[in-house]
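Here is the structure we will look at.
Just follow the structure's listing: the first ligand is 1, and inside any ligand the first atom is 1.
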Amino acid sequence: MDDSAWWQRGAIYQIYPRSFFDSNGDGIGDLDGIRRKLGHLVELGVDAAWISPFFPSPMADFGYDVADYCGVDPLFGTLADFDALIAEAHRLGLRIILDFVPNHTSDQHPWFLESRQGRESAKRDWYIWRDPAPDGGPPNNWMSNFGGSAWAFDAASGQYYYHAFLREQPDLNWRNPAVQDAMMEALRFWLERGVDGFRVDVIWHLVKDALFRDNPPNPGYGPGQPDINRFQQIRSTDQPEVFDIIARMRATLAAYGDRVLIGEIYLPVERLVAYYGERLEGVHLPFNFQLIAASWHARGLDEMIDEYERAIPEGGWPNWVLGNHDQKRIAGRLGAAQARVAAMLLLTLRGTPTIYYGDELGLPNVPVPPELAQDPWEKNEPGLGVGRDPARAPMRWNDSPRAGFTTGTPWLPIGPQPELNVATEAADPRSMLALHRRLLALRRAHPALAVGGYERIEAEGDLLAYRRREGGEVLTVVLNLSAREESLDLPAPAGGWRCLVSTGLDREGPEPAGPLRLRPDEGVVLAEG
Ligand code: NOJ
């Protein structure tokens, strides 16, 4: 049909392993749990699972503090469990994408333990050590993403080490070729085991200013904001030398064929697209988080989509994300009705969609009382609303008190609205789950949606409209972003409009002549004739 890659045609599903399915009753999800629930991904109609970290870790940041890049934490199982998981996924036609965390290790990683032995340690230069400022304080003003200075003092050697996240997550020195070599080995370890790609954690952080100059103040910073907002991160992140490193990762993957490299990047669109690489030797997909940050207004969204489409370099492939384990859930941000419209947007825009586990059920943000808080960021900067626990609540498999997630005590509360679960929604032909299955099936059936071009349709008010076109096929998407009825006077094609799907899952077939009518919070995908 076309020469697109699997990661262009397909949809990605993010699994936060602690919260997906607990196979051994300890209240925490695990690899065997994921393997046993792969059928859900197949029925949903996604093509790949990205699994957040499951490597050996003290869990200071729930696995984003890696103590061994080539293993499985006992909490999540064993390497044999991983091998069984990937074998079963491949048997089912699913790809497996791992979470590679190269910017920092755990402070318990043997490399860091050796590095902190002293200034003469052979691994001293594997991390970022600096002398104190003349006043004895931190070497510069760089802040930790999780609050406070990003520099931790090591009294034994009289130097500071840099940690962009927790002090338990020291940053590696990627300017050191030995670090690069070791990390490429880690990639090859998993590539040899058959993984289909990597999502690379905070990839734009890997290289820092060689002179360690201060970051400039952020004029938008004000009280009530987290510390990381105090300064613009222009010296501590997004340095030009990062692109050679990414190209090296990409080349490492290329030796194994059709694997995908995805970068986690929170940057404005003009900087974001630089990560495709000047000659497309960068990441295949620089994660595009604009739908997370955007305010939900049709006129802003159409501009944003256009601007992104224009910014992508020739040969680059777009992608869209509505949520992840660091952000508030979409149903909580927009409400249940608009979350359905958002799902239709995500799954009909041009580019690879990533679905965050549970969003296909419309899961809410689950309130977590302070005494049950788990997220280290929330604990460091309480009360600012930065906590990530509400979006990390257990997946719901049924409406029992523990949601079929565990037989033990779940590590985070299950939360309200027990009717939002796989079993109940699978039995309801108009559920959020049914909508996701329908839209994903439509993407697979219609190349116009999977790989077709994007054309904006000028609309007014709260309507967002666009065409997707491939070969002779043209599909039209109209979304009502308001809770009022809206209509769009769009010239009908010769044979009239035929509705393929509505967000209500209750409108199909030929449309009446005249303007297109959209009910409150409704979106439709229309075919011609
Ligand atoms: C981004 C990850 O998504 C987040 O969960 C983590 O805390 C930081 N990187 C640090 O690894």
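Among all non-hydrogen protein atoms, the one lying nearest atom 8 (C) of ligand 1 is F165 CE2, 3.8 Å. Nearest protein heavy-atom contact of atom 9 (N) of ligand 1 is D201 OD1, 2.9 Å. Taking atom 7 (O) of ligand 1 as the reference point, the nearest protein heavy-atom neighbour is D61 OD2, 2.6 Å. Nearest protein heavy-atom neighbour of atom 3 (O) of ligand 1: D326 OD2, 2.5 Å.
Applying the 4.0 Å criterion to heavy atoms of R388 picks out, from ligand 1, the atoms 4 (C), 5 (O), 6 (C), 7 (O). Close approach of ligand 1 to F146 is summarised as follows: ligand atoms under 4.0 Å from at least one heavy atom of the residue are 7 (O). The H104 neighbourhood of ligand 1 comprises atoms 10 (C), 11 (O), with distances under 4.0 Å to a heavy atom of that residue. The R392 neighbourhood of ligand 1 comprises atoms 5 (O), with distances under 4.0 Å to a heavy atom of that residue. Those atoms of ligand 1 that come under 4.0 Å of a heavy atom in V202, given as number and element, are 1 (C), 9 (N).
Nearest heavy atoms, L206 versus V242: CB-CG2, 3.9 Å. When all heavy atoms of A274 and F243 are compared, the closest pair comes out as O-CE2, 3.4 Å.
Using a 4.0 angstrom heavy-atom cutoff, R199 counts as in contact with ligand 1.
Applying the salt bridge (Lys or Arg N to Asp or Glu O under 4.0 Å) test to pairs two or more places apart or on separate chains, those with a residue in residues 181-190 are D181-R248, E185-R188. Screening residues 365-377 for side-chain hydrogen bond (donor to acceptor under 3.5 Å, both in side chains) gives D375-R388, W377-E381 as the qualifying pairs, with residues at least two apart or on separate chains.
At a threshold of 4.0 Å, the pair D47-R95 does not count as salt-bridged, since none of the basic side-chain nitrogens sits closer than that to a carboxylate oxygen.
In summary, the aromatic rings of Y16 and Y357 are positioned with their centroids too far apart to meet the 6.0 Å limit.
Cation-pi geometry between R333 and W296 is not met at under 6.0 angstrom from the ring centre and within 45 degrees of the axis.
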